[in-house]
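What follows is a short report on a single structure.
Just so we're on the same page: letters track the sequence lines, and every chain starts at 1.
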Protein chains: 2
Amino acid sequence: MSLPHAILTALLEKPSSGLELTRRFDRSIGYFWSATHQQIYRELGKLEQAGHIRALPAPVPSRGQKKEYEVLPAGRAELTDWVRRSEDPKPIRDALLLRLRAAAVVGTEGFADELRRHLALHRAQLEEYRGMEERQFPPERRTTEADRLRHLVLRGGIELERFWTAWLEEALAGFDDGDR
Amino acid sequence: MSLPHAILTALLEKPSSGLELTRRFDRSIGYFWSATHQQIYRELGKLEQAGHIRALPAPVPSRGQKKEYEVLPAGRAELTDWVRRSEDPKPIRDALLLRLRAAAVVGTEGFADELRRHLALHRAQLEEYRGMEERQFPPERRTTEADRLRHLVLRGGIELERFWTAWLEEALAGFDDGDR
DNA sequence: CGATCTTATGCAACTTGTTGCACAAGGGGT
DNA sequence: ACCCCTTGTGCAACAAGTTGCATAAGATCG
């Protein structure tokens, strides 16, 4: 039940069209929630029906025309309520760890390459996030409550990538000993 | 497409019934993949139909009777193939980070308590994993390839919990400054 | 011997996320 | 004028995960 709330948050930060939201989900929102444009359009429809958001009046409302949405008071109330509810962390589901465990049973042939590939991807992601941190949250922008919180969320994304790169490096060190 | 492979791996490690698998998913398998008993029974049916596993002959095959499964050669081949395929890491979807970002917009009232609650849960999980590491992977059991890999997977679970506890502590430190 | 608890398997309905494709308007090039 | 690329919205079918409930056998206890 998180996608509608992700959309409400994004729209409160800035009213947008479906495609704009998709792009924001691919970029900055992506470090804590991902979604395809299909999910977003479907959810925008539901949120509008529920009276949580509305389409801003457009000059030419027809297919293929941009449609901007903004959050209505009911939507803000729902989001506020959701943030206040308590919710347990979901158990992990990570395919790479699973595949490594499977490799322990059926053999690790070629697996070091896959680990190296993932390491490169996570290093790139880490660099991108660190760039965003420098650009969007220089020390002078870490004073207001909202900026401090947004920075904290980005720090979560950064530290998570750091965990992956560290773990992959540890894993590869073991492979280099025993697999070459 | 990972659940069937998680089940194949578990069954290769030890043939089990549906409920036994469920318990194993709640325990040791849980640090890299989670599943409910419903998912498991459904998937066992599909895997049996596909000829990847088979039920061991039971004395009294009727409803409510334990049914053990073992992996067939075709199942092992499928798992081997899956481990060798390359697969990109999935983008993050974390509700707590999302809720914190939402809190930056609608207010953080009561959020520190939620962070403390999560911190306690992650600390408990971390302790449990560390206990498992001590019991299941003492230094003398880190020599064979398979044990080394299984230990590495557990290390992933441990380091991930360590990331969460560290991030939550950092987050709470900020809250104590600005929110009390 | 009947009530109730535990173990064990499973169906059905629902929600969430993914994939592939269709449709429409406008701009740019040739 | 025509083609193709980009922007933008959207349907439909499918795959994966969740929730609530039903069923049945065996053990335990009064």
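Relative to the ring axis of B:Trp167, A:Arg155 does not place its NZ or CZ within 45° and under 6.0 Å from the centre.
The distance between atom CG of A:Leu44 and atom C1' of C:dT16, rounded to the nearest whole Å, is 16 Å. As a whole-Å value, the separation of A:Leu19 CG from C:dG26 C1' is 15 Å. Straight-line distance from the CD atom of A:Glu68 to the C1' atom of D:dG8: 12 Å, rounded to whole Å. Atom-to-atom, CZ of B:Arg42 to P of D:dA16 comes out at 10 Å; the value is rounded to the nearest Å. Between the P atom of D:dA22 and the NE2 atom of B:His37 lies a distance of 14 Å, rounded to the nearest Å. Rounded to whole Å, atom C1' of D:dT19 lies 14 Å from atom CE of A:Met1. Between the NE2 atom of B:His5 and the C1' atom of D:dA16 there is a distance of 14 Å, given to the nearest Å. Rounded to whole Å, the distance from NZ on B:Lys90 to P on C:dT16 is 17 Å.
Using a 4.0 Å cut-off, some side-chain N or O of B:Tyr41 falls inside it from OP1 or OP2 of C:dT9. Between A:Gln38 and C:dT18 there is no side-chain polar atom (N or O) within less than 4.0 angstrom of OP1 or OP2. Phosphate contact (OP1/OP2 of C:dG10, side-chain N/O of B:Lys67, threshold under 4.0 Å): present. At the phosphate of D:dT18, OP1 or OP2 sits under 4.0 Å from a side-chain N or O atom of A:Arg93.
No side-chain N or O of A:His151 forms a donor-acceptor pair with one of A:Gln136 less than 3.5 Å apart. Using modelled atom types, one finds no donor on one side chain facing an acceptor on the other under 3.5 Å when comparing A:Arg93 with B:Ser2.
Across all strands shown, B:Ser2 has no heavy atoms under 4.0 Å from either base or sugar-phosphate atoms.
In terms of position on DNA chain C, the residue among A:Ala35 and B:Ser17 whose nearest nucleotide sits closer to the 5' end is B:Ser17.
When every heavy atom of A:His118 is checked against every heavy atom of B:Pro89, the shortest pair comes out as CE1-CD, 3.4 Å.
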